[in-house]
Structures are given as structure tokens and as C-alpha cells.
Amino acid sequence: MDDRPIGVFDSGLGGASVLREALRTLPHEKFIYYGDNQNAPYGDRTEAEITALTMRCAHLLADHGVKAILIACNTATATCIERIRSELEIPVVSVEPAIKPACMQPGTGKVLMMATRATTRLRRYLDLQARMPDPSRVINVPCPGLVERIEQGIFDEDAFDDILDHHLSAYHSMQIDGIVLGCTHYIFIRNAIRRYATMHFSGSCALFDGNEATAHQLARVLTEHGLLNSENAAGSVEFHTSSDPAQFQPVFDLLLRQPCV
Ligand code: DGL
């Protein structure tokens, strides 16, 4: 039994979608969330910049005395998860684009993998894609612009059509079997993406994300290391941001309360 908190971080609010799942799976744990909202989005930055920002988040949480780290950011994972693991002595679990379940879907259509520019270019992700039975089935779609709008607290179904048009119009009328939400922010606009996909693509367009699998992996790792909190303990979440808490805490609270769908 270990009642220390678990540290969770993301470039901003997107990681709340992973934390929401983790809370469902591990209701007796304490979580400390750090959103680097001041520096979001990470996805358009250089690898060196993302590494520096990510290492800062990880060390900040480790210095706070957390028992494990959950990287709730695909971009940070793709950039430097190995370095985080080598510099910290606590277990590190992370989210990754769910292209595997998307590629296991039967069908002859394509799989669209929507993520930040950085994730779609980085070696770690490209290696994951190369391990798919047919890597060419996956079309990587970097989607700059979405994270900025989500960070502003905008989630309306029709509020993203201009950006989605910009990134996805090349695939209109194609048969799309799956769409991977490869950035934790995109989970909060899944209705906007689903609506857009239904209007413009043929095929089932099933949506995939890695959050549930990540929460289960976190539970497994804590169990293996004997780090679970007592089952009588009440869970909790503490929010910290590198930006203005008065601006981001209310949106964070709202996102955390949304049901996982
Ligand atoms: N939410 C993040 C991810 O999963 C990063 C978004 C960004 O800061 O660009 O990739």
C-alpha cells in the first residue's frame, strides 16, 4: 500500500481525458495534474523544445514526491519517454496513438491518424506504424490549430469545421474504417470529429483512442510495484498549471466531470 499521489501531465487540458479514465479505473488514488498551458501547444515546437518542456514537467512532479507518472500527452511520449524513464526512479506510464485496434478492424478502407505535427513525424510513432500489418493503411494527418481552440474552452460540435476542412478535405469521399484520436485534446471534440466524418467520408469511421488501455496499464504497473493505495482511501485530484489557474481550473473541472464516451 502506498498513499502518495500519482503525477499526471500534459501540455494543457487534453490530459484531463486520460485522467478521467484513470479515475474510473483507480477511484482510490490521489492524482496531481500539471498542465503546461503556458507553453501549449507542444505539437508545433521543435524536438529540443518539447524535450526541455516535457522533462521540466516530469521533474516537477517527481520533486513533488509522486509514486508514479502518467504522461497524458502523445507528443511528449513520442518525443522523450525513454529519457524520462532513464532519469526518474519511479514507474512511468504513457498514452500512445491507438493505431493497433484501429488497424485490426476488418475492411478495405483507410485509417486516419489525427495527431500533432510532432507526433506524426517522430521516430517512436513511425516505428509503431511500421509494426502494423499494413502500415500503408494508416494516413497520418497532422492537425495544427485544434489544440489552440480547445485550450480556449471551445468544444461545440460545429466549431471546428474550418480547421477540419483544412486538414481533411483531401480525403473527402474516401472509405475510412477508423479514425485515431492521437492527441489527448481531441477526445474532447470527438463529437465534432464524428459529425464531420459522417458528413464527408464513407465507411464506418469508428473512433479510437488509447485512454482506457492506458488507465488499465497504469493499474497493472501500480499493482506489480505494490504501489496501490488502500481501497478504503478516498481518491482526489489536485490541479496545477504553468498559466493562470483562474482561467484553466474551471475548464479542467468541467472536462473531468464529463462522462467517458
Ligand atoms: N495533448 C497533447 C497530445 O496528446 C499535446 C497537444 C499539443 O500541445 O500540441 O499530443
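When a residue number appears, it is its place in the shown sequence, counting from 1. As the structure lists them, so they are numbered: ligands from 1, and atoms in each ligand from 1.
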- Task: Consider only side-chain heavy atoms of I, L, V, M, F, W and Y, link residues closer than 4.5 Å, and tell whether Val147 and Val8 are in one cluster.
- Result: yes
- Tell me whether Ile6 is reachable from Leu19 by hopping between hydrophobic residues (I, L, V, M, F, W, Y) whose side-chain heavy atoms are closer than 4.5 Å. yes
- Message: With a 6.0 Å cut-off (strictly less than), is the heavy-atom count around NE2 of His172, excluding the residue itself, greater than 12?
- Response: yes
Quick one: look up the protein heavy atom nearest [atom] and list residue, atom name and how far away it is.
{"atom": "atom 3 (C) of ligand 1", "value": "Asn74 N, 3.3 Å"}
{"atom": "atom 10 (O) of ligand 1", "value": "Thr75 OG1, 2.6 Å"}
{"atom": "atom 7 (C) of ligand 1", "value": "Tyr42 N, 3.3 Å"}

Part of [X] with heavy atoms under 4.0 Å of ligand 1, whether side chain, backbone, both or neither:
{"X": "Val95", "value": "neither"}
{"X": "Thr184", "value": "both"}
{"X": "Cys73", "value": "both"}

- ligand 1 atoms nearer than 4.0 angstrom to some heavy atom of Ser11 are 5 (C), 6 (C), 7 (C), 8 (O)
- Relative to the heavy atoms of Gly43, which atoms of ligand 1 are at a distance of less than 4.0 Å? 7 (C), 8 (O), 9 (O)
- Item | Contact check, Gly12 vs ligand 1, heavy-atom distance below 4.0 Å | no
- Task: Mind telling me whether Phe188 and Phe155 have parallel, tilted or perpendicular rings, with 30° and 60° as the class edges?
- Result: perpendicular
- For Gly12 and Tyr33, which heavy atoms make the closest approach, and how far apart are they? O-OH, 2.6 Å
- Hey, is ligand 1 close enough to His185 that some N/O pair sits below 3.5 Å? yes
- Might you work through the ring-ring contact (aromatic ring centres under 6.0 Å, His included) test for Tyr196 and Phe160, ending with a clear yes or no? CA-CA 9 Å; Tyr196 185 90; Phe160 294 88; over 10 Å; no
- Message: Between Asp127 and Arg131, does any side-chain N to carboxylate O distance fall below 4.0 Å?
- Response: no
